[in-house]
2 protein chains.
Amino acid sequence: MSDAHSHTHSHGQSCVVSRGETEALVDEFVASLRADGFRRTDALVALLRVMIRNHQPYTLAELAEVEDLRERDQATIYRLVMKLKDAGKMRQLNLAGRVSYFQLVLPGHHHDYLRCESCGEVQEVPLPCALAEVERELMHSLGWKGLHHELEFIGLCPACAD
Amino acid sequence: MSDAHSHTHSHGQSCVVSRGETEALVDEFVASLRADGFRRTDALVALLRVMIRNHQPYTLAELAEVEDLRERDQATIYRLVMKLKDAGKMRQLNLAGRVSYFQLVLPGHHHDYLRCESCGEVQEVPLPCALAEVERELMHSLGWKGLHHELEFIGLCPACAD
DNA sequence: CGGTTTGTTGCAAGCCAATTGCACTTAAGG
DNA sequence: CCTTAAGTGCAATTGGCTTGCAACAAACCG
Ligand SMILES: [Mn+2]
Ligand SMILES: [Mn+2]
Ligand SMILES: [Zn+2]
Ligand SMILES: [Zn+2]
């Protein structure tokens with residue numbers, strides 16, 4: 001009942017960075033991480049390479065499939081992701097029910113998503129997001145601090161809609 | 001690492017319905033459910049009573065604590081919730097990491113939420129939501145169907161912000 | 001370049017909310 | 001009543017994390 005998709009679905013390929021530019025960003029990212037006690041390990045570099053090159057939400061399982069991370073222990077990837085989260089460099093998205101998605105925090109990048117209830121496809125919303133203003137209003141009127149948001153549109157993708 | 005709150009936090013108490021009005025709505029709800037093969041059982045009535053009376057997101061654990069559901073098996077509550085979801089009468093929200101929240105679908109009711117990253121408090125957004133227009137635009141331009149959305153603002157509640 | 005400190009990793013075990021199989025019970029309809 | 005299909009309790013299982021611990025290896029220091 002309520003069974004979800006289980007195949008590996010493809011994400012939309014928005015927000016991609018060139019191979020060369022990625023390397024520079026990785027170096028920069030690692031450098032800033034040094035201040036938080038991170039060391040430049042192969043696993044960290046491989047992880048950042050993927051998540052910067054293709055700025056999308058990934059499940060831990062998806063990350064474990066990535067080149068240069070394939071032979072890594074799942075616990076290693078898990079701890080890297082969590083440590084990045086603690087450092088404020090990783091965001092945990094709860095797009096689907098049982099699994100979490102993770103996406104690197106890149107200054108100036110914010111994305112909302114569309115998710116298909118039928119096949120699980122996740123696609124970036126190709127429209128500008130106007131919620132920053134609402135955030136300001138909420139912080140001002142309710143006294144909350146440091147608000148950001150997570151917005152997901154849910155429905156049937158063109159393929160599943162027939 | 002990244003440890004979340006674990007105590008039972010209170011929800012904001014918006015969207016409450018009077019005791020008498022609730023009974024009428026429950027009867028109406030059950031009646032419409034009959035078309036989907038539902039039977040009027042004590043567990044179903046108790047569940048609807050809670051979720052209509054206080055239209056909020058609940059975890060399965062929270063539902064299991066409710067009067068008249070306390071002595072029920074967790075599997076019973078789980079299957080009721082899932083069957084309602086399959087019938088399109090229940091929405092599964094992914095507000096937090098490991099546990100799902102469920103909220104009854106009531107025509108004309110739509111809510112967005114604020115969640116405190118520190119204490120886990122969940123509060124309804126007291127402003128009107130203007131995303132229906134964006135949904136129409138997305139369906140029109142991208143070909144998705146039946147879109148609804150889930151919007152959550154995340155930050156520090158007044159208490160946790162000091 | 002050794003030696004020391006401390007973050008990192010593999011491996012295996014554990015955790016826990018959800019999920020399911022099965023036999024029994026009960027609402028609903030005739 | 002009697003039949004049929006939905007609902008339920010109970011126990012066992014799943015699966016996505018999550019953690020303890022010993023072995024490793026960046027970074028740093030003299
Ligand atoms: Mn991006
Ligand atoms: Mn409501
Ligand atoms: Zn689809
Ligand atoms: Zn708080």
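Every value quoted in this text rests on a predicted model; they were computed, and no experiment measured them. Letters A, B, ... mirror the listed sequences (proteins, then strands); counts begin at 1. Worth knowing before you read on, the calculation uses all heavy atoms, side chains too, and leaves out hydrogens, waters and symmetry mates.
Separating the CG atom of D86(A) from the P atom of dT8(C) is a distance of 12 Å, rounded to the nearest angstrom. Atom CD in Q92(A) sits roughly 10 Å away from atom C1' in dC17(D) (whole-Å rounding). Separating the CG atom of L63(B) from the C1' atom of dA17(C) is a distance of 14 Å, rounded to the nearest angstrom. The distance between atom CZ of R72(A) and atom C1' of dC24(D), rounded to the nearest whole Å, is 11 Å. Atom pair E71(A):CD and dT9(C):P shows a separation of 12 Å (rounding to whole Å applied). In this structure, L69(A) places its CG atom 13 Å from C1' of dT9(C), rounding to the nearest Å. Between the C1' atom of dA27(C) and the CG atom of L33(B) lies a distance of 14 Å, rounded to the nearest Å. In this structure, L47(B) atom CG and dG7(D) atom P are separated by 13 Å, rounded to whole Å.
There is a side-chain donor-acceptor pair under 3.5 Å between H110(A) and H149(A). For the residue pair Y113(B) / Q56(B), no side-chain donor-acceptor distance below 3.5 Å is found, with atom types taken as modelled.
Heavy-atom distances to DNA chain D give each of G37(B) and I77(B) a nearest nucleotide, and the one nearer the 5′ end belongs to G37(B).
Between K83(A) and dT8(C) there is a side-chain N or O to OP1 or OP2 distance below 4.0 Å. In this model, the phosphate group of dA18(C) is not approached by any side-chain N or O of Y78(B) to a distance below 4.0 Å at OP1 or OP2. Residue T76(B) has a polar side-chain atom (N or O) positioned under 4.0 Å from OP1 or OP2 of dG9(D).
For the pair H109(A) and H111(A), the minimum side-chain heavy-atom distance is below 4.5 Å.
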Pull out every protein N or O sitting under 3.5 Å from an N or O of nucleotides 26-30 of chain D, one pair per line with the distance.
unit_1  : atom_1 : unit_2 : atom_2 : d
dA26(D) : N3     : R39(A) : NH1    : 2.8
dA27(D) : OP1    : R40(A) : N      : 2.9
dA27(D) : O3'    : R34(A) : NH2    : 3.3

For nucleotides 10-16 of chain D, print each protein N/O atom paired with a nucleotide N/O atom at under 3.5 Å, atom names and distance only.
unit_1  : atom_1 : unit_2 : atom_2 : d
dG16(D) : N2     : R98(B) : NH2    : 2.9

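Using a 4.0 Å cut-off between charged nitrogen and carboxylate oxygen, D86(B) and R79(B) do not count as a salt-bridge pair. The pair E23(B)-R49(B) meets the salt-bridge criterion, since a charged nitrogen lies less than 4.0 angstrom from a carboxylate oxygen.
Put simply, CG on L84(B) and CE on M51(B) are 8.0 Å apart, with the number rounded to the nearest 0.5 Å.
Of all the heavy atoms in C15(A) and E124(A), the pair that sits closest is CB-OE1, 3.8 Å.
Side-chain atoms of N94(B) come within 3.5 Å of backbone atoms of A96(A) as a donor-acceptor pair (strictly under, hydrogens ignored).
Residues forming a side chain to side chain donor-acceptor pair (under 3.5 Å) with E67(A) (at least two apart in sequence, or on another chain): R70(A).
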